[in-house]
Amino acid sequence: MTITYKDEQGIAGMRVAGKLASEVLDYLTPFVKPGVTTNALDKLAHDYITQVQGGIPAPLNYTGGGDIPYPKSICTSVNHQVCHGIPNDKPLKKGDTMNIDVTVIKDGWHGDTSRMFGVGELSIAAKRLSALTYDAMWIGIAQVKPGAHLGDIGAAIQKFSENNGFSVVREFCGHGIGRIFHEEPQVLHYGKPGTLEELKVGMTFTIEPMINLGKKEIKDGPEKDGWTIVTKDHSLSAQWEHTILVTPTGYEVLTLSAGSPPPPAFITS
Ligand code: MF3
Ligand code: CO
Ligand code: CO
């Protein structure tokens with residue numbers, strides 16, 4: 001498999017899919033409260049994507065090269081769950097943190113985005129981890145322009161995260177995206193400036209750092225469901241994700257909508 005470069009028609013399709021994915025997160029936001037189950041959020045998302053947006057939830061039955069199809073329409077990773085948490089019937093409780101990851105297919109194109117949510121009031125440590133992981137994602141995004149390298153993105157995210165005392169998960173990364181959910185290249189969230197693939201106009205890929213409050217090591221969750229990943233030391237983990245297009249002048253974030261949090265001040269200024 002090779003990197004695909006999107007033409008104007010592909011970019012138009014990616015813009016639509018990206019906005020829809022982000023709008024699913026907007027739609028879910030008011031429902032994230034103590035007592036709601038992640039299964040209820042999954043059903044809300046599934047029905048919204050299929051019935052309101054006329055789209056397909058990409059995770060449902062996705063195998064990603066493994067042998068266990070993903071059984072739900074969104075990923076909900078709570079507290080020390082790093083990624084790919086499967087929605088279930090356990091009610092969320094005050095103080096939980098949760099990443100909701102949504103991928104919508106529309107007219108064959110994929111949009112992939114995730115945000116952190118707080119259930120009720122969060123601890124200072126949880127707020128800080130979530131906020132700085134958001135900044136880490138944007139610091140990665142800010143590296144994107146033709147002629148830069150994938151290693152610039154990873155290096156910037158790693159440096160910022162480790163300078164704040166956090167660790168970067170190594171085993172999962174961002175990815176090229178288009179007509180295929182996960183395509184080349186891999187977008188590591190650690191590395192060395194100037195290394196790896198050169199960025200070129202028309203590339204579309206995700207940046208989705210998973211940042212741990214404790215150590216970087218991960219393991220399969222106790223659920224043994226073939227998907228859920230947790231931190232080995234049980235520390236909190238956070239993740240944010242956007243789908244990005246490389247443009248002649250830099251980047252365009254494809255997964256924005258009315259409810260997207262604003263970029264950090266260091267981006268807009
Ligand atoms: N959306 C995830 C990503 O950012 C992948 C989820 S695969 C699933 O790449 F099958 F778990 F949904
Ligand atoms: Co992704
Ligand atoms: Co995702």
Side-chain angles (χ1 to χ4, degrees), residues 1 3-4 14 17-25 28 38-39 41-42 45-46 49-50 55-78 81-88 98-106 109-117 133-134 136-137 140-141 144 150 153-154 157 168-189 203-211 218 220-221 223-230 237-245 253-257 260:
M1 216 174 63
I3 296 175
T4 64
M14 291 292 289
K19 182 160 190 245
L20 289 177
S22 187
E23 285 175 347
V24 175
L25 292 170
L28 291 176
T38 45
N39 261 347
L41 298 172
D42 177 72
H46 179 90
I49 294 166
T50 57
I56 299 167
L60 188 58
N61 299 316
Y62 183 70
T63 57
D67 39 32
I68 304 179
Y70 189 81
K72 301 282 174 172
S73 296
I74 58 173
C75 297
T76 51
S77 302
V78 178
Q81 294 181 341
V82 173
C83 63
H84 304 164
I86 300 179
N88 61 32
M98 174 174 54
N99 173 278
I100 302 182
D101 194 337
V102 172
T103 310
V104 172
I105 310 172
K106 180 73 177 179
W109 297 101
H110 290 71
D112 188 7
T113 184
S114 79
R115 297 181 198 158
M116 290 303 294
F117 294 82
T133 301
Y134 184 66
M137 172 187 68
I141 292 171
V144 175
L150 283 174
I153 299 171
I157 291 171
V168 178
V169 170
R170 304 295 203 269
E171 290 84 350
F172 295 89
C173 55
H175 49 93
I177 181 167
R179 291 196 175 278
I180 295 172
F181 193 169
H182 294 102
E183 54 184 48
E184 284 185 16
Q186 294 195 56
V187 181
L188 304 181
H189 305 113
M203 286 173 73
T204 50
F205 52 83
T206 71
I207 298 179
E208 49 178 302
M210 282 141 276
I211 306 295
I218 58 163
D220 291 339
E223 301 81 4
K224 296 285 168 235
D225 54 24
W227 285 97
T228 307
I229 301 294
V230 301
S237 189
Q239 179 179 30
W240 291 81
E241 175 176 24
H242 270 313
T243 299
I244 309 296
L245 165 71
V253 180
L254 298 173
T255 38
L256 293 174
S257 60
S260 299

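These values consider heavy atoms only, across backbone and side chains, with no hydrogens, waters or symmetry-generated copies. Both counts, for ligands and for their atoms, begin at 1 and track the order of listing.
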Looking at ligand 1, would Thr103 count as a contact under a 4.0 Å heavy-atom criterion? yes

Polar contact flag for Asp112 and ligand 1 (N/O pairs, less than 3.5 Å): yes

State whether a side-chain donor-acceptor pair under 3.5 Å links Glu183 with Thr4. yes

Should you measure from each heavy atom of Tyr62, which atoms of ligand 1 turn up under 4.0 Å away? 7 (S), 10 (F)

Identify the closest protein heavy atom to atom 9 (O) of ligand 1: which residue and atom is it, and at what distance? His182 NE2, 2.7 Å

Pairs of nitrogen or oxygen atoms closer than 3.5 Å, one from His84 and one from ligand 1: do any exist? no

Using the Co ion (ligand 3) as the apex, give the angle to atoms OD1 (Asp112) and OD2 (Asp101), rounded to 10 degrees. 150°

Counting only N and O atoms by type, is there a donor-acceptor contact under 3.5 Å from the side chain of Asn99 to the main-chain atoms of Ala238? no

Parallel, tilted or perpendicular, as decided by the 30° and 60° cut-offs, for the rings of His182 and Tyr62: tilted

Can you find an N/O atom of Tyr70 closer than 3.5 Å to an N/O atom of ligand 1? no

Any N/O/S atom from His182 (main chain or side chain) under 2.8 Å of the Co ion (ligand 2)? no

Is the shortest distance from a heavy atom of Gly64 to ligand 1 less than 4.0 Å? no

The Co ion (ligand 2) is nearest to which N, O or S atom of His175? NE2

